[in-house]
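Quick notes on the structure that follows.
The figures here come from the full heavy-atom set of this structure, side chains too, leaving out hydrogens, waters and symmetry mates.
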Amino acid sequence: MTETILLTLYALVALFFLETTFREGEMSLTKGWDMMRVVGLLYCVAWPLMIVHVGIVAYRDRHAR
């Protein structure tokens, strides 16, 4: 149950930032899919995973002592 809630929360955050980044790219003066736009969209998916990773490592480190 907890995993489902966390996965749903992660998906909502990632989708929100994907949509925001996509709209910013659509409104830009240069239309098209350049490398920086693709990387920005990939980072929208990657950064929540990094937060989860840091949280897991901190949790393990705190309980290992």
Check whether L18 and V52 end up in the same hydrophobic cluster, where Ile, Leu, Val, Met, Phe, Trp and Tyr are linked by side-chain heavy atoms less than 4.5 Å apart.
no
State whether the side chain of H63 and the backbone N or O of Y59 hold a donor-acceptor pair below 3.5 Å, judged by distance alone.
yes
Working to the nearest 0.5 Å, report the span between CD1 of I56 and CG of D61.
13.5 Å
Assigning hydrophobic clusters by single linkage (Ile, Leu, Val, Met, Phe, Trp, Tyr; side-chain heavy-atom cutoff under 4.5 Å), is L49 placed with L42?
yes
Out of curiosity, Y10 OH to L15 CG, how far, rounded to the nearest 0.5 Å?
9.0 Å
Flag yes if V13 and I51 sit in one hydrophobic cluster, no otherwise; membership is Ile, Leu, Val, Met, Phe, Trp, Tyr, and two members link when side-chain heavy atoms are under 4.5 Å apart.
yes
